[in-house]
Colleague: 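Sending over a structure as structure tokens; questions will come in a sec.
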Amino acid sequence: MAKEHTFIANMHLSVLENQLLSSIFADYISILSKLRRNTADIQGIWMDYQNITLFL
């Protein structure tokens with residue numbers, strides 16, 4: 001009986017670990033995509049600035 005409870009407890013722990021890891025991974029991917037977008041925005045602003053200074 002005790003082994004069954006231990007097994008069930010371990011199963012619950014592994015499910016919680018998987019949920020936590022998938023949540024952390026999803027947050028990581030979200031942060032990376034936001035950084036990529038911000039980098040593209042900064043590059044676009046820098047190119048606009050260079051184009052403006054080129055014609056001054």
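One is the number of the first residue; the rest follow in order along the sequence.
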Colleague: Should Q19 and L16 count as side-chain neighbours, where that means a heavy-atom distance under 4.5 Å?
Modeller: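 The answer is yes; the side chains approach within 4.5 Å.
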
Colleague: Just how far is it from atom CD of Q43 to atom CD1 of I45, taken to the nearest 0.5 Å?
Modeller: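 Here the rounded value is 10.5 Å.
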
Colleague: Any donor-acceptor pair under 3.5 Å linking the side chain of T39 with the backbone of L35?
Modeller: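 Side chain of T39 to backbone of L35, a donor-acceptor pair under 3.5 Å: yes, one is there.
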
Colleague: Quick check for you: to the nearest 0.5 Å, what is the distance between N10 atom CG and H12 atom NE2?
Modeller: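 That separation rounds to 10.5 Å.
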
Colleague: So, does S30 use its side chain to make a donor-acceptor pair with the main chain of A26 at under 3.5 Å?
Modeller: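 Checking the backbone N and O of A26 against the side chain of S30, no donor-acceptor pair under 3.5 Å is found.
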
Colleague: To the nearest 0.5 Å, how far apart are OG1 in T6 and CG in L13?
Modeller: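 Going from the OG1 atom of T6 to the CG atom of L13 covers 11.0 Å.
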
Colleague: How long is the straight-line distance from OG1 of T53 back to CG of D48, given to the nearest 0.5 Å?
Modeller: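 Those atoms lie 10.5 Å apart.
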
Colleague: Rounded to the nearest 0.5 Å, what separation is found between the CD1 atom of I29 and the OG atom of S22?
Modeller: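 Rounded to the nearest 0.5 Å, the CD1-OG separation comes to 12.0 Å.
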
